[in-house]
Novice: 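Got a structure for you, written out below as structure tokens; questions coming shortly.
Computed from a predicted structure; not experimentally measured.
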Amino acid sequence: METNAYNQKLNRYVFSDQIIYTGFSSFKDAEGCAQKKGGTLVEVSFKDGNDNPQITDEAGLIEKKLHYYVDAGDEYKFIHSSDPGFKKYAEELQKIKAKNDKTSPEERYFANFEIENTEDPIIVIKNDHLESVTSRERSKYLKHAKVYELGVSLPKS
């Protein structure tokens with residue numbers, strides 16, 4: 001089983017002439033995998049709510065040195081756990097959750113632990129307001145989003 005820098009399972013897609021891995025935790029993580037395996041960095045897109053990747057260069061991930069990007073229109077913003085602004089939104093989400101739950105300090109600590117350890121969390125902002133928290137995998141199926149991920153392509157043997 002192939003894993004990313006956080007020991008999370010990579011997604012493997014088999015094409016007629018190549019195998020593509022996605023799910024890297026950073027650009028550096030993907031770059032390291034490509035060097036280690038003798039592969040090539042590629043950008044793949046997931047569109048129309050499906051899990052069938054297409055090789056593209058629409059988002060310019062390689063040039064921008066990004067590993068993940070979502071385009072769901074002007075009103076939506078998807079903030080990945082590796083994005084600089086994620087911590088700010090996660091802290092606000094913790095405050096809202098604790099206030100709504102009216103939990104004890106111990107329970108708030110465990111709630112904080114839970115959110116920080118959610119598998120590859122994505123915060124969804126709509127019109128500058130928090131809408132939801134989802135996973136990177138589920139973001140492919142939301143809001144007719146166009147999800148772009150950095151992948152490593154290896155020749156199929």
Novice: Is the closest side-chain donor-acceptor distance between Ser153 and Tyr21 under 3.5 Å?
Specialist: no
Novice: Check step by step if side-chain contact (heavy atoms from CB on, under 4.5 Å) holds for Ile20 and Phe15.
Specialist: CA-CA 8 Å; Ile20 296 178; Phe15 292 85; 3.6 Å; yes
Novice: Would a distance-only check, ignoring hydrogens and angles, find a side-chain to backbone donor-acceptor pair under 3.5 Å from Ser45 to Lys47?
Specialist: no
Novice: Please check this pair: side chain of Glu43 against backbone of Ile55, looking for a donor-acceptor N/O pair closer than 3.5 Å.
Specialist: no
Novice: How many angstroms lie between CD in Glu31 and NZ in Lys65, if you round to the nearest 0.5 Å?
Specialist: 5.5 Å
Novice: Distance from Ile125 atom CD1 to Glu75 atom CD, nearest 0.5 Å?
Specialist: 13.0 Å
Novice: With sequence neighbours left out, write down each residue that passes side-chain contact (heavy atoms from CB on, under 4.5 Å) with Ile62, or none if nothing qualifies.
Specialist: Leu41, Leu150
Novice: Would one find more than 12 heavy atoms of other residues, nucleotides or ligands at under 6.0 Å from atom CG of Asn127?
Specialist: yes
Novice: Could you pull out all residues at least two apart from Tyr148 that satisfy ring-ring contact (aromatic ring centres under 6.0 Å, His included)?
Specialist: none
Novice: Sequence neighbours excluded, which residues qualify as ring-ring contact (aromatic ring centres under 6.0 Å, His included) partners of Tyr13?
Specialist: Phe46
Novice: Evaluate the side-chain proximity of Gln54 to Val44: yes if any heavy-atom separation is below 4.5 Å, no if none is.
Specialist: no
Novice: Around Asp128, counting heavy atoms of other residues, nucleotides and ligands shown, do more than 12 lie under 6.0 Å from its CG?
Specialist: no
Novice: For a quick test of reading the model, state the closest non-hydrogen atom pair linking Ser139 to Val70 and the distance between them.
Specialist: OG-CG2, 4.3 Å
Novice: Give the minimum heavy-atom separation between Glu149 and Thr22, together with the two atoms involved.
Specialist: OE1-CB, 3.7 Å
Novice: Quick one: does Lys156's side chain get under 4.5 Å of Asp17's, heavy atoms only?
Specialist: no
Novice: Quick one: are Val147 and Phe78 in side-chain contact, heavy atoms under 4.5 Å?
Specialist: no
Novice: Would Val124 and Lys126 count as a side-chain contact (heavy atoms from CB on, under 4.5 Å) if you check the C-alpha gap in whole Å, the side-chain angles of each, and the deciding distance to 0.1 Å?
Specialist: CA-CA 7 Å; Val124 181; Lys126 180 179 181 185; 5.6 Å; no
